[in-house]
Amino acid sequence: MVVKIEKGSVIPIGFSCFFLIFVGFVSGGDNGGIIPTTLDGPFTPVTVPLDERFRGHAVDLPSDDPRVKRIVKDFEPEQISISLSTTHDSIWVSWITGEYQIGGDIKPLDPHSVASFVEYGKVKSLKKQTQIAEGNSVIYNQLYPFKGLQNYTSGIIHHVQLTGLLPDTIYYYRCGDPSIGAMSDVFWFKTMPVSGPKSYPKIGIVGDLGLTYNSTSTVSHLIKNHPDLVLLVGDATYANLYLTNGTGSDCYSCSFANTPIHETYQPRWDFWGRYMQPLTSKVPIMAIEGNHEIEEQIGGTTFAAYSSRFAFPSNESGSKSTMYYSFNAGGIHFLMLGGYTAYNKSSDQYKWLLSDLENVDREVTPWLVGVWHPPWYNTYVSHYKEVECMRVAMEELLYNAGVDLIFNGHVHAYERSNRVYNYTLDPCGPVHITVGDGGNREKMAIKHTDEPGNCPEPSTTPDSFMGGFCASNFTSGPAAGKFCWDWQPEYSAYRESSFGHGILEVKNETHALWTWHRNQDMYNEAGDQIFIVREPERCPVKDTAKRWKSEK
């Protein structure tokens, strides 16, 4: 049975006395009501009807918007951002110097012509106790072997790693090349708490962001919630909705069906970096690739902008690729997995995942969270069962490892699952949350596969980039013998088509508060809220160390 509610309606749910006491303790009674917990699930599926009055302003910011224009001179730093290493005592600082070039006759800048230095310390003046770190720099090109298409070469992209940092501490920094007087203003960041079962950062989670007026609303709401860390679950700029001459469309395949290659307008990356700097210069952002980062160019090269512009703790986490890595943030171990690189059991990614999971200490990081772009559990027509091959390859491994939560994007809507494993309700399965609702110009996903006439033809569902076909009919349960359910599936707890972002606040070793915020609501209002409760005694991590080694 599907329950449809109007916004603001109350769903009666029963709670244990323990949970009533717990909620009062962790929330101080300020939530205006009782917050449900996964212990009370599985929940009857809920669909919030589409508000036709709110379709949002999914229109891209123009190149002359003051928030995306270049305001620095010569080789002064811009597009400044920070990201985490694998542990609390290290931070990456990234920035760009010099102007990009686009056209038929471009000459790449020499990345060694400008130095990469960061001056940092715990004193704002940076005159006392100042430390200096030096890093490296790169440029990347986006090149096309077709007449009439414009090539692109980036400014110089700098990455500097700061090490030996204290936990939970504010540091001030500036970056650039002091030898040519090209230094940034002073910015600040706060390091993560030390990894342990009692310390947790406040995490903002957003996907499929883009750079529309809706995106700016999402980022504004996100900043108001004061996160310590931001996860970007793929699809940052949507530069590939543009031709190289700067002409854009909500639907590339509809408007530009005859282009010889899927083009991309790389200056949108620079616009996005400038717009995001007020947030990313002080709050670490950890990104994973989405399909809009593929950006194929000459020689079959892909993901050039994504891999060059962000700093990733790949080497530190034992990964050979920017497409997957891991890191700790307080008592949480994050698995950042790649949906657009090989993930079968013979792949480098799968072998790396085996090794990474083997080294996770749940006494130190009780929470294990997976993050990748395309969702496994999705009831929208958009991208339905698109990455079944990834689910088939990896789900059992993640289930046995005791993954608690999984965050995805890709589908431009919000959806939260009940605890699920292999399409079956399971009290030890992870909760899957899709937050591909950041506000990009492709607009919202609205249609559900369980509604009459919406079930897609199975052969049309596999991801075109990765290929492979694993999406079969359900073999058991209410949808046995069918490719889609006839009503909202029982594994789907809540779904709503609206733009927004989420906040994850882990309270202790067993309880985490998840809140989803809609853009159209007030900053402190929750569109969906639930406590995710771990039950390590009921759902122990399987004795997998020996098994993992045997699979290698």
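Sequential numbering from 1 along the given sequence is applied to the chain's residues. Note: hydrogens, waters and symmetry copies are ignored here, and every other heavy atom, side chains too, is used. Quick caveat, the model's predicted, so the values are computed rather than measured.
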Where do R309 and W269 land on the side chain to side chain contact (heavy atoms under 4.5 Å, CB included) test, with the steps shown first? CA-CA 9 Å; R309 289 176 179 266; W269 276 97; 3.4 Å; yes
side-chain hydrogen bond (donor to acceptor under 3.5 Å, both in side chains) evaluation trace for Y491 with R419: CA-CA 7 Å; Y491 57 79; R419 289 194 176 276; over 6 Å; no
Evaluate the criterion side chain to side chain contact (heavy atoms under 4.5 Å, CB included) for residue pair S81 and M276; output intermediate values, then yes/no. CA-CA 8 Å; S81 66; M276 293 293 288; over 6 Å; no
From CA spacing to verdict: side chain to side chain contact (heavy atoms under 4.5 Å, CB included), L405, L504: CA-CA 10 Å; L405 265 166; L504 179 66; 3.9 Å; yes
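Counting all heavy atoms, side chain and backbone alike, H412 lies closest to Y238 at NE2-OH, 3.3 Å. Looking at every heavy atom in both residues, V403 comes nearest to I406 through CG1-CG1, 3.9 Å. Across all non-hydrogen atoms, the minimal contact from C175 to P77 is O-CG, 3.2 Å. Scanning both residues, T460 and P456, for their nearest heavy atoms gives OG1-CB, 4.2 Å.
Within the 3.5 Å criterion, the main-chain N or O of N240 finds a donor-acceptor partner in the side chain of H262. When atom types are taken as modelled, the side chain of T280 and the backbone of I80 share a donor-acceptor pair closer than 3.5 angstrom. With hydrogens and angles ignored, the 3.5 Å screen pairs no side-chain donor or acceptor of D208 with any backbone N or O of A236. For R274 (side chain) and V68 (main-chain N/O), a donor-acceptor pair under 3.5 Å exists by modelled atom type. For the pair T341 (side chain) and G338 (backbone), a donor-acceptor distance under 3.5 Å is absent. Judged purely by atom type and a 3.5 angstrom limit, S220 has no side-chain atom pairing as donor or acceptor with the backbone of T216. A donor-acceptor pair under 3.5 Å is formed between the side chain of T212 and the backbone N or O of G439. Distance alone, capped at 3.5 Å, places no donor-acceptor pair between the N422 side chain and the T424 backbone.
You'll find the ring centres of Y306 and F312 inside the 6.0 Å limit. In this structure, Y377 has its ring center under 6.0 Å from that of Y423. Taking the six-membered ring for Trp and the full ring otherwise, the centers of Y343 and Y350 sit at least 6.0 Å from each other. For an aromatic pair to be called close, the ring centres must be under 6.0 Å apart, and Y384 with F483 satisfies this. Taking the six-membered ring for Trp, H517 and H221 have ring centres at least 6.0 Å apart.
Residues Q266 and E295 have side chains that bring a donor and an acceptor to within less than 3.5 angstrom of each other. S116 and H158 share a donor-acceptor pair across their side chains, judged by distance under 3.5 Å alone. No hydrogens or angles considered: nothing links the side chains of H501 and D437 as a donor-acceptor pair under 3.5 Å.
The local environment of CG in D105 is sparse, with at most 12 non-hydrogen atoms from other residues, nucleotides or ligands closer than 6.0 Å. Counting heavy atoms of neighbouring residues, nucleotides and ligands inside a 6.0 Å radius, atom NZ of K202 exceeds 12 of them.
Across T247, D60, T264, a single residue satisfies side-chain hydrogen bond (donor to acceptor under 3.5 Å, both in side chains) together with Y242, and that is D60. For the side-chain hydrogen bond (donor to acceptor under 3.5 Å, both in side chains) test with D270, the passing option among K69, Q79, R70 is Q79; the others fail. Remark: of the listed residues E293, H373, M390, H373 is the sole one forming a side chain to side chain contact (heavy atoms under 4.5 Å, CB included) with Y340.
The shortest distance between side-chain heavy atoms of Y152 and Y265 does not fall below 4.5 Å.
Using a 30° and 60° split on the angle between ring planes, W92 and H159 fall in the perpendicular class, above 60°. Note: W516 and Y414 have parallel aromatic rings, judged against thresholds of 30 and 60 degrees for the angle between ring planes.
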